[in-house]
Amino acid sequence: MANTNNDFFEQVYQVVRLIPKGKVTSYGAIANYLGAKSSSRAVGYAMNAAHSQKPKVPAHRVLNRNGQLTGKHHFETPYQMQELLEKEKIKIENDTVLDLKKHYWDPTIELAL
DNA sequence: GTAATGACCTTGG
DNA sequence: ACCAAGGCCATTA
């Protein structure tokens, strides 16, 4: 099978790893930073193999545009994502991050040059 | 090689 | 403002 370590995947992992503690971002933001705002789905799929990567990727800091923990079900345990986010001082309710804007971390802005 | 799915987002009615 | 459909990328069957 094709190397899952494609540039696209690696790029996504890099950006996710660069997410500061207590910050969260969305798939579209990462895709947009990579220059493919329409590839939000591919970014999400990359996260699917994130746990398969050697360097653990903080996929729990990646949420959808709505701030929902859509991928919590894909973690080792559905509580992992919420717990990790809570440990980051991020309040979660109904699988949704509160003060999303306050904890929002946009790579296109933070990593923008 | 074609069809369907998925941790999504944007646009149209 | 709300609901519905389409699009894009990559992977798997």
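Order of the sequence lines sets the chain letters (A, B, ...), proteins ahead of strands, with each chain counted from 1.
Comparing the C1' positions of C:dC3 and B:dA7 gives a spacing of 23 Å, expressed to the nearest Å.
Straight-line distance from the OH atom of A:Y27 to the P atom of C:dC9: 19 Å, rounded to whole Å. If you take OH of A:Y33 and C1' of B:dC9, they are 21 Å apart, rounded to a whole angstrom. Distance, A:F75 CZ to B:dG6 C1': 16 Å, rounded to whole Å. Between the CD1 atom of A:I30 and the P atom of B:dC8 there is a distance of 12 Å, rounded to whole Å. If you measure from atom CG of A:L34 to atom C1' of C:dC9, you get 12 Å, rounded to the nearest angstrom. The CE-C1' distance, from A:M47 to C:dT11, rounds to 15 Å in whole Å. With rounding to whole Å, A:L69 atom CG is found 14 Å from B:dA7 atom P. Here B:dA7 presents its C1' atom at 12 Å from CZ of A:F9, a figure rounded to the nearest Å.
Counting heavy-atom neighbours within 6.0 Å of A:R65 CZ, excluding the residue itself, gives a total of 12 or less. Other residues, nucleotides and ligands contribute only 12 or fewer heavy atoms inside 6.0 Å of the NE2 atom of A:H73.
Of the candidate nucleotides B:dC9, B:dA7, C:dA10, B:dA7 has the atom nearest to the side chain of A:H74. With B:dC9, C:dT11, B:dA7 as the candidates, the nucleotide lying closest to the side chain of A:N48 is B:dA7. Comparing B:dC9, C:dA10, C:dT11 by their nearest atom to the side chain of A:R65 picks out B:dC9.
Among the atoms of the strands shown, only primed sugar atoms or phosphate atoms (P, OP1, OP2) are found under 4.0 Å from some heavy atom of A:N64. Residue contacts shown for A:S39 are limited to sugar-phosphate atoms, with no base heavy atom under 4.0 Å away. Residue-level contact check: A:A46 touches neither bases nor backbone, having no heavy atom under 4.0 Å from any strand.
Pairing each heavy atom of A:E76 with each of A:K56, the nearest pair is OE2-NZ, 3.7 Å.
OP1 or OP2 of B:dC8 lies within a sub-4.0 Å distance of a side-chain N or O belonging to A:T70.
A:I92 CD1 to A:H60 NE2: the interatomic distance, rounded to the nearest 0.5 Å, is 9.5 Å.
Residue side chain A:Y45 does not reach the base of B:dA7 through any donor-acceptor N/O pair under 3.5 Å, judged by distance alone.
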Under the salt bridge (Lys or Arg N to Asp or Glu O under 4.0 Å) rule, what do A:K91 and A:D99 come out as? Steps first, then yes or no, please.
-> CA-CA 8 Å; A:K91 302 270 168 87; A:D99 290 325; over 6 Å; no
